[in-house]
K.L.:
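I have a structure here, written as structure tokens, and I will follow up with some questions on it.
Quantities reported herein were computed from a predicted structural model and do not represent experimental measurements.
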Amino acid sequence: VSATSGRNDLARMRLATTLSLCNSDGYMLYADPFPTPGHPHDWYSFWKPTLGAPIETAGRINNDGAYVRNFQNGTVLFNSPDNKKVRLVFEAPVTSQSTQEVGTLFSIPPGDGDVFIAK
């Protein structure tokens, strides 16, 4: 498996994770396709932060076409593969879980997503 396919495709993992967080109150299983011997699972550091409970309902779409949902401790953005690159601006510095970068302005390409944790 190459560094950008399968379980190593981090943009796809972030996309699936943020799709679930922005559009449901359920759970998501991100694993190798069936039938994979042993059905292995990985743990990604992207999943480490504690977002807390959602503070708004699922399914909110911004004017730029991205889905965004706020939680007690951060914000999640899902940018579908058929959308354009989107920018997200925060009033105070946050930490991007995909890059660990701290700032107030972030760009998310199509087919990706990110979790932003309040400082």
Side-chain angles (χ1 to χ4, degrees):
V1 176
S2 78
T4 58
S5 67
R7 65 181 49 208
N8 296 317
D9 186 346
L10 299 182
R12 188 173 69 177
M13 175 275 299
R14 290 190 301 265
L15 186 71
T17 300
T18 58
L19 170 66
S20 176
L21 288 167
C22 284
N23 291 291
S24 78
D25 291 321
Y27 293 90
M28 178 202 74
L29 174 63
Y30 187 75
D32 288 340
F34 290 110
T36 300
H39 189 62
H41 301 260
D42 286 338
W43 177 260
Y44 299 91
S45 62
F46 186 78
W47 296 337
K48 185 177 180 184
T50 302
L51 281 167
I55 58 174
E56 60 189 4
T57 58
R60 179 170 65 93
I61 303 174
N62 277 354
N63 290 335
D64 59 13
Y67 289 79
V68 177
R69 191 172 189 193
N70 290 302
F71 291 77
Q72 290 172 327
N73 301 321
T75 300
V76 177
L77 182 137
F78 162 76
N79 193 17
S80 68
D82 60 347
N83 200 16
K84 62 190 180 305
K85 183 191 318 188
V86 297
R87 292 172 22 126
L88 192 58
V89 179
F90 294 92
E91 292 181 13
V94 296
T95 302
S96 159
Q97 283 307 113
S98 66
T99 65
Q100 295 303 303
E101 191 176 314
V102 176
T104 57
L105 174 63
F106 297 89
S107 293
I108 309 298
D112 206 342
D114 209 342
V115 173
F116 302 95
I117 302 299
K119 297 292 296 166

K.L.:
So if you build clusters from Ile, Leu, Val, Met, Phe, Trp, Tyr with side-chain heavy-atom gaps below 4.5 Å, do I55 and F71 land together?
P.N.:
no
K.L.:
Could you check I117 against Q97 for side-chain contact (heavy atoms from CB on, under 4.5 Å), going step by step and ending with a plain yes or no?
P.N.:
CA-CA 7 Å; I117 302 299; Q97 283 307 113; 3.7 Å; yes
K.L.:
The test is side-chain contact (heavy atoms from CB on, under 4.5 Å); show your working for N70 and R60 and say whether it passes.
P.N.:
CA-CA 10 Å; N70 290 302; R60 179 170 65 93; 3.4 Å; yes
K.L.:
Please report the closest heavy-atom contact between G26 and S20, naming both atoms and the distance.
P.N.:
O-OG, 4.3 Å
K.L.:
Look up atom OG in S24 and atom CZ in R69, then write down how far apart they are to the nearest 0.5 Å.
P.N.:
7.0 Å
K.L.:
Give me the one residue out of N23, T18, L21, N62 that meets side chain to side chain contact (heavy atoms under 4.5 Å, CB included) with Y67.
P.N.:
N23
K.L.:
Using the rule that two of Ile, Leu, Val, Met, Phe, Trp, Tyr join whenever any of their side-chain heavy atoms come within less than 4.5 Å, decide whether M13 and L15 are in one cluster.
P.N.:
no
K.L.:
Looking at side-chain heavy atoms only, is the closest gap between E91 and T104 below 4.5 Å?
P.N.:
no
K.L.:
Give me the ring orientation class for F116 and F90: parallel if the planes are under 30° apart, tilted from 30 to 60°, perpendicular past 60°.
P.N.:
tilted
K.L.:
Nearest 0.5 Å, please: how far is OG1 in T57 from CG in D25?
P.N.:
8.5 Å
K.L.:
On a heavy-atom basis, which atom in P93 and which in V102 lie closest, and how many Å separate them?
P.N.:
CB-CG1, 3.9 Å
K.L.:
For the side chain to side chain contact (heavy atoms under 4.5 Å, CB included) test, which of L51, L19, V68, D114 pairs with V76?
P.N.:
L51
K.L.:
Before accepting this row, confirm whether a basic side-chain N of the pair K85/D64 lies closer than 4.0 Å to the acidic partner's carboxylate O.
P.N.:
no
K.L.:
If Ile, Leu, Val, Met, Phe, Trp and Tyr residues are connected whenever their side-chain heavy atoms lie under 4.5 Å apart, and connections chain through other members, are F46 and L10 in the same group?
P.N.:
yes
K.L.:
So, does N79 use its side chain to make a donor-acceptor pair with the main chain of A66 at under 3.5 Å?
P.N.:
no
K.L.:
Run the numbers on T17 and F78 for side-chain contact (heavy atoms from CB on, under 4.5 Å), then give the verdict.
P.N.:
CA-CA 9 Å; T17 300; F78 162 76; over 6 Å; no
K.L.:
Between T95 and E101, is a side-chain contact (heavy atoms from CB on, under 4.5 Å) present by the stated rule, with each step listed?
P.N.:
CA-CA 6 Å; T95 302; E101 191 176 314; over 6 Å; no
K.L.:
Using a 3.5 Å distance criterion without hydrogens, assess whether the side chain of R12 forms a donor-acceptor pair with backbone atoms of D112.
P.N.:
no
K.L.:
Assess whether atom NZ of K48 is packed by more than 12 heavy atoms of other residues, nucleotides or ligands within 6.0 Å.
P.N.:
no
K.L.:
About how many Å separate CZ of R87 and OG of S107, when rounded to the nearest 0.5 Å?
P.N.:
6.0 Å
